[in-house]
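What you see is a predicted model; the values in this text were computed from it and never measured.
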Amino acid sequence: MKQKIQSMGRALSGMVMPNIGAFIAWGLLTAIFLYPNGWFPNEAISKIQPYILNFLLPILIAGQGGKMVGGTRGRVMGSIAILGCIAADYVQYQAALNEVAVQTAMVEAGMLSEVTATASTTPMLMAAMIMGPFAGWIIKMFDKLMEGHMPAGFEMLINNFSVGIFGMILAIIGYFAIGPFMSFILTILAGGVDILVNAKLLPAIAVFLEPAKVLFLNNAINHGVFTPLGAQEVQDAGQSIMYMLETNPGPGLGVLIAYWVFSQDKAAKDSAPGAIIIHFFGGIHEIYFPYVLANPLVIIGPIVGNFCAIFWFMIMGAGLIGPASPGSIVSFLIMSPKGGIWISIVGVVIAAGISFLISSPIIKMSKGKSLEEATAQKDAMKAESKGAVASSVKKNSGDVSKIIFACDAGMGSSAMGATKFAKRLKNDRPDITVKNSAIDSIPQDADIVVCQSTLADRASKKTPAGSQLVQLENFLGDPALDDLYNQLTSEKTKKEVKKMDNSKEKTGKNTRTKLLKEGIKLGQKAEGKDEAIQASGELLKELGCVDDQYIAAMHDREKEVSTYLGMGIAIPHGTSEAKKHVKNSGIVFMQYPEGVSFGDEKAYLIFGIAGVGDDHLNLLAKISERLEDEELVEKLKSTKDVDFVLKTFN
């Protein structure tokens, strides 16, 4: 259940966070120029902010959601689809305005005692979080259906009309169904919040919110519920308490001050002042999570502190005009309405003070874990929240001795990823062996298995019991690799680590495979990735490395999971079953100056691979090393000198 909530949180956060600057622009316009309650009210300028809220923000969120699922075409689809929902709300709003006008005229004519009708828009933010990914999924399924069946010369026609037609259909569905339904849902949720406020129960949300923050479950709540509800409240009332629930820096500040004053752990005591600055002024709340994880009872302090702060905000009728992102004291005060800054300051002080008073005796009387152990736990939990799912999180990085990078065939993308990560770990953890493997041949002594997310289901069945499974999108620059690196190096191993000579393990035994001059083709052109993969396979065949069955297996491998690595580089190769069709190990280099589309990305350098055993790994290691030089990579994308390429990789 936690993983499902985290997954939903990642999706919602992925749609909102890239567009948070637009939310801030809307909040600042509201705070500064709102007529007549802004800091510097301006009736003309204040008319801009409703268009940002009702049009720009939903379109940005839906577009981002579509892009996350369906790439660039999904972004366009999501943007079209959400307009149907926006139009439905706008028509309803116009009808309500007409009703207000009619009742006003009747009151003036003495036919009615008062105007009871109201008119307000419903920001379609929740609808955007549904329509965007759904639109992206629709176009992704269509593209998958058309793969290999696109008539030559009709690609642009079909691609453009498919987005237009499906986008139109989804916009119509949004107008008649999704828009009205989401307006109803938002009304129900807003009514629920009103009930909590009127019953003085809203502070109780701190009991769930503070532990959720420490467990990285807050994104689903914050971006999925608080953001749209807050936007609706700002539209209706000019401010919203929903923006104050999670972003208040006071609860975490109290914990950090308590550690600074009373902690018996020297590392925690010495690091607390720096953490206070980063948390309070930088708004990076996760920096205090390890301090709570080191002594879980400390969570009582932030819970009670935020409970009391929310109660204070509620009785004072407080709220923020826009989202305080990040949750620093600076953002918190900037988004406070005119005349409300002192209320916000008092709320932060209340949360920090109570959190400090409750946390202090707990920290003083109990030892708990060391900060280093808690930080390692936090890093593992963060990796899990971002998609690096662990079957068993290791408490001590010293327990890890072997990491396996796994892909389908175990000789292309995984080899490149293993080589690069091994080099990164070399100085910090020379005791760890990093190797690559086919998914079906994962060694049973592997402590951590790293694979692409599209292969996670298969990998989980082959991962040894008690080992950690890390998912990522690509092997060259994925954030999950940073999280894994931090997990392995964030604490010093308690036992003395002996340096091991792993050069033979990491480079392979045989060094006879080289890039040949005949295997280098520059200035190539291809209509798509299928043609480029076919060309690299044909060149391998021409060099006597493979037969036709292996070339077919290269296409099969690409259909299962992309061989695009990132940085404009792809390494197409056959499936693990196709190794029997490899006659001799070999690697070919294909340069495409105009690029070849691999899904949403373009590959400019393509390395076709065929390997008998581990013969090709030494060259892959050298390729990985060269690719760290960005200037060299850019030169390789445009060079016309075959000898330069040959010299680079041999």
Quiz item: Phe142 and Ile165: side-chain contact (heavy atoms from CB on, under 4.5 Å), yes or no, with the steps?
Solution: CA-CA 12 Å; Phe142 175 80; Ile165 292 171; over 6 Å; no
Less than 4.5 Å apart, any side-chain heavy atom of [X] and any of [Y]?
{"X": "Cys545", "Y": "Lys583", "answer": "no"}
{"X": "Val546", "Y": "His581", "answer": "no"}
{"X": "Leu125", "Y": "Met15", "answer": "no"}
{"X": "Glu518", "Y": "Val588", "answer": "no"}
{"X": "Met567", "Y": "Leu565", "answer": "no"}
{"X": "Phe405", "Y": "Leu481", "answer": "yes"}
{"X": "Phe134", "Y": "Ile173", "answer": "no"}
{"X": "Leu605", "Y": "Lys637", "answer": "yes"}

Practice problem: May I have the step-by-step check of side-chain contact (heavy atoms from CB on, under 4.5 Å) for Asp428 and Tyr485, ending in yes or no? | Solution: CA-CA 10 Å; Asp428 298 303; Tyr485 175 79; 2.4 Å; yes
Quiz item: Can you check side-chain contact (heavy atoms from CB on, under 4.5 Å) on Phe421 and Val450, steps first, answer last?
Solution: CA-CA 11 Å; Phe421 197 69; Val450 182; over 6 Å; no
Would you say [X] has more than 12 foreign heavy atoms packed within less than 6.0 Å of its [atom1]?
{"X": "Phe644", "atom1": "CZ", "answer": "yes"}
{"X": "Lys402", "atom1": "NZ", "answer": "yes"}
{"X": "Glu155", "atom1": "CD", "answer": "yes"}

If I take atom [atom1] from residue [X] and atom [atom2] from residue [Y], how far apart are they, to the nearest 0.5 angstrom?
{"X": "Met141", "Y": "Met146", "atom1": "CE", "atom2": "CE", "result": "14.5 Å"}
{"X": "Thr563", "Y": "Met554", "atom1": "OG1", "atom2": "CE", "result": "8.0 Å"}
{"X": "Ile448", "Y": "Ile404", "atom1": "CD1", "atom2": "CD1", "result": "11.0 Å"}
{"X": "Lys525", "Y": "Glu527", "atom1": "NZ", "atom2": "CD", "result": "10.0 Å"}
{"X": "Asn584", "Y": "Leu543", "atom1": "CG", "atom2": "CG", "result": "10.0 Å"}
{"X": "Asn19", "Y": "Leu57", "atom1": "CG", "atom2": "CG", "result": "8.0 Å"}

Can a donor-acceptor pair be found, under 3.5 Å and without considering hydrogens, that links the side chain of [X] to the backbone of [Y]?
{"X": "Gln591", "Y": "Gly523", "result": "yes"}
{"X": "Tyr564", "Y": "Ala603", "result": "no"}
{"X": "Arg73", "Y": "Val163", "result": "no"}
{"X": "Glu538", "Y": "Ser536", "result": "no"}
{"X": "Ser162", "Y": "Ile158", "result": "yes"}

Nearest non-hydrogen partners of [X] and [Y], listed with the distance:
{"X": "Ser562", "Y": "Arg557", "result": "O-NH1, 4.5 Å"}
{"X": "Ile403", "Y": "Leu488", "result": "CD1-CD1, 3.5 Å"}
{"X": "Phe589", "Y": "Leu636", "result": "CZ-O, 4.3 Å"}
{"X": "Gly519", "Y": "Leu539", "result": "O-CD2, 3.7 Å"}
{"X": "Ala535", "Y": "Tyr592", "result": "CB-OH, 3.9 Å"}
{"X": "Ile80", "Y": "Met168", "result": "CG2-N, 4.1 Å"}

Self-check item: Mutual orientation of the aromatic rings belonging to Phe607 and Phe649 [parallel < 30°, tilted 30-60°, perpendicular > 60°]
Solution: perpendicular
Quiz item: Can you list the steps and then say if Val596 with Glu531 is a side-chain contact (heavy atoms from CB on, under 4.5 Å)?
Solution: CA-CA 9 Å; Val596 179; Glu531 185 178 335; over 6 Å; no
Practice problem: Could you tell me whether Asp530 and Lys559 make a salt bridge, using a distance below 4.0 angstrom between a side-chain N and a carboxylate O? | Solution: no
